Amino acid sequence: MLIRRSTYVHLTPLDADRILVIHAISHLRLVVDAEVADILAWFETPREMPDGMAWLNGRYSFDEDTLAGCLAALMERGVLTDRDPVGEAAEVAARLAELHGRDPGEALDQLRRQAKEGADPYWSVSQAQGVGELGRPLKHRLDVLLFGDCELQMEADFLRREGVARGVEVRVATGFPGDARLAGERPHQAILIGALRSRRAVASGSPAEHGGDPAAIYLAEARQVIQGLRAHSDAPILIDNLPEPTVQPLGFADRGVHGHRNRFRRLNLELETLAAAYGDVHVVDVAAAINAEGSAHLLDDGLVGFTHFGSPGWMLQRPQSELAAVHGLFPDVEPLATALGGSPYGRETTVAKAHMDALGALLGLDRKKCVIVDLDGTLWPGVLAETGAPFAWTPEISGAYSYVGLYFGLHEALKALKRRGIVLACVSKNDEALVRELWRYPEHYPHERLLTPDDFVTWRVNWADKPTNIASIAEELGFALDAFVFIDDHPLERERVRQALPEVEVLGEDPFALRRILLSDARLQVSKVTEESAARTELTKAQLGRERERAGGQEQDFVASLRVVCSFDQPREGPALERVGELFLRTTQFTTTGRRFSAGELARHAAAGEVFIAHARDRFGDYGLVAAAVVEGGEIIALAMSCRVIGLRVEHRFLEHMLSVMARTDAAAVGRIVETSRNGPVRRLYADNDFSYDGEVWRRALAQPRKVG
């Protein structure tokens, strides 16, 4: 196959190691380093591939997979092509003809919006991408739309970099808040809305001039932007709140609920209420992120104006042409650069992290399901067998927030994770009977903040090595190793686990940072706590009880002894849809297509009667909502089931119920299995239920629905 550089691609050197790649048709702008530019220059002459890889391997130090990934990324963006010039021109013409009948200019504009990547050129701050970055295999691909002015536009490349650091390829396209049409033209999985222009009005005028609510005009604009985007997209929407001002016009005298700073605080509270009124709209607490890093160094309201809320570092980035506004005279900016630590991009870096945290929590990227914790030296000081009690605290010694507060705080954080639906386990080199005997707290302790053995779904308190015990817990729970976090105070134990089980996230180096990490890490966040997630510990314990009984007898007899009862429904709205969304998000084993749905998408399918759910219970207790499916036009576009009920024939009963309902309107049902590395348990679902495979889809006639006992 011949590969060459596109006819429409032009390279413009910005400096010694930053070259701007521009595609004349799509208007793609990509900043690359000298090595990538050298590769593009080599492809000015068409090269036979993969034969040409030998030359590339000899010239560069990257491995073949990385080089191949880099070339694939350049081809996907249209920088390299396998078409000759005539074929490439014909392809462009065909796409333009499809887009907009007789007006090639309008068609070209639409094509460019579809291919848009990065920020508006005026605010584009792009780090050069090299072969290693373009070719690095990342775990996830995330397309995000950013709607905002300069402060959000400038963040685009910082968001991409933060994504790379987390194993996520973030493709960003930006527009202004009023450009909702972009959401209907550019593929995306999430939308970010930055600070809106009406923020300036919040601080101006008396409360009476605002009808008693200075936030009203901003909320009206936010509502208009959200509704405009919802007309084009069901994707989750994240809207930034506003930073809290660092200075006030009247200083100490600027007080009361309508004072300058308090207007923005009240606005942020009302923005939360507004977002909650919409499905899948969430507020990103930019104010908290900026405050945590030091707002005086990240906001320019102490420098240029009361309501701009940009970065003071922008003063270090202005083009020389703007000096004409001050007669070419301006103070030395070195003191400002020193105050900002030498980097003008502190705000962009901080807010990009907050945005990636929010996206990760919302979309479940690399979500952790279980935290395994060591006991001695971690949950309590010292060795329990030697101290005789977890703590020696009494109110006479100290308050609960002194030295002992470090441990109480860790317990409290882990209990908070439990409420989020993350299960807890423990691994300790210890005598189990002794631990159970001594793990008690006197009456005067704050029991609501402290963990007890009942908070853990399983544990390994023995003298085996910790990697073996962790692997045993993973097998027992049925979770992949990358779903675990392990906490240990001992550096040797942490290193053993890292070497033996590299997929497991290991913490414990800094006990003073541990609580904040657990409560803030995006991988330990959920977008909403449902009744089912809050009860996950008890559900998991019941499941482990079933598994222990299953191990003691014949499978068929065990399943019959459970007396499993299923019920089915087609919810049109309500809390059940939240659990459905969570099920599609969390399930990796019994999922037919791996598809995930936004709240808006689920609401639309549910309103049309296209969402099916199954509940199950047995003599051990209630499993809750265990299976869900979305059907569209006779096709089961997604089906997911909790691993808790695998092997109990729930999937067969659920499928037959769905088919009986579908038979009222459809002559046949169609299903697909999209294979992943983890969904082996689902692959025979259709084959075992009388579907036939035609090489692309599974199909079954619906004239005679089959009954399952």
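Starting from 1, each residue takes its place in the sequence as its number. Quantities reported herein were computed from a predicted structural model and do not represent experimental measurements.
The aromatic ring centres of F158 and Y345 sit less than 6.0 Å apart. Under the 6.0 Å cut-off for aromatic ring centres, W439 and F391 do not qualify, their centroids lying 6.0 Å or more apart.
Residue-environment remark: CZ (R161) exceeds the threshold of 12 foreign heavy atoms within 6.0 Å. Counted within 6.0 Å of NZ on K528, heavy atoms from surrounding residues, nucleotides or ligands total 12 or fewer; the atom is thus considered open. Other residues, nucleotides and ligands place no more than 12 heavy atoms under 6.0 Å from the CD atom of E475.
Using a 4.5 Å cut-off on side-chain heavy atoms (C-beta onward), T587 and S642 make no contact. Proximity of L298 to E293: side-chain heavy atoms (C-beta onward) are separated by under 4.5 Å at one or more points. Looking only at side-chain heavy atoms (C-beta outward), I290 and V351 come within less than 4.5 Å of each other.
For the residue pair T458 / R460, a side-chain donor-acceptor distance below 3.5 Å is found, with atom types taken as modelled. Between N689 and H652, the side chains place a donor N or O and an acceptor N or O closer than 3.5 Å (distance only, hydrogens not considered). If you check the side chains of E155 and H355, you find a donor sitting under 3.5 Å from an acceptor. Side chain to side chain, T66 and D63 meet the donor-acceptor criterion of an N or O pair below 3.5 Å.
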- Message: Using the rule given for side chain to side chain contact (heavy atoms under 4.5 Å, CB included), can you reason through F568 versus F612, listing the C-alpha separation, both sets of side-chain angles and the distance that settles it, and then say yes or no?
- Response: CA-CA 7 Å; F568 311 106; F612 292 79; over 6 Å; no
- Query: What's the verdict on side chain to side chain contact (heavy atoms under 4.5 Å, CB included) for L142 and E169, showing C-alpha distance, side-chain angles and the deciding distance?
  - Reply: CA-CA 6 Å; L142 183 58; E169 181 188 5; over 6 Å; no
- Message: Applying side-chain hydrogen bond (donor to acceptor under 3.5 Å, both in side chains) to H140 and D366, what does each step give before you reach the verdict?
- Response: CA-CA 9 Å; H140 309 283; D366 297 321; 2.9 Å; yes
- Task: Start with the C-alpha distance between T591 and N679, add both sets of side-chain angles, then the distance that settles side-chain hydrogen bond (donor to acceptor under 3.5 Å, both in side chains), and finish with yes or no.
- Result: CA-CA 6 Å; T591 174; N679 72 347; over 6 Å; no
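Each of D482, V371, V485 was compared with E505 under the side chain to side chain contact (heavy atoms under 4.5 Å, CB included) criterion, and only V485 meets it.
Ion pair R166/D357 flagged as a salt bridge, since at least one NZ, NE, NH1 or NH2 atom sits closer than 4.0 Å to an Asp/Glu carboxylate oxygen. At a threshold of 4.0 Å, the pair K466-D488 counts as salt-bridged, since one of the basic side-chain nitrogens sits closer than that to a carboxylate oxygen.
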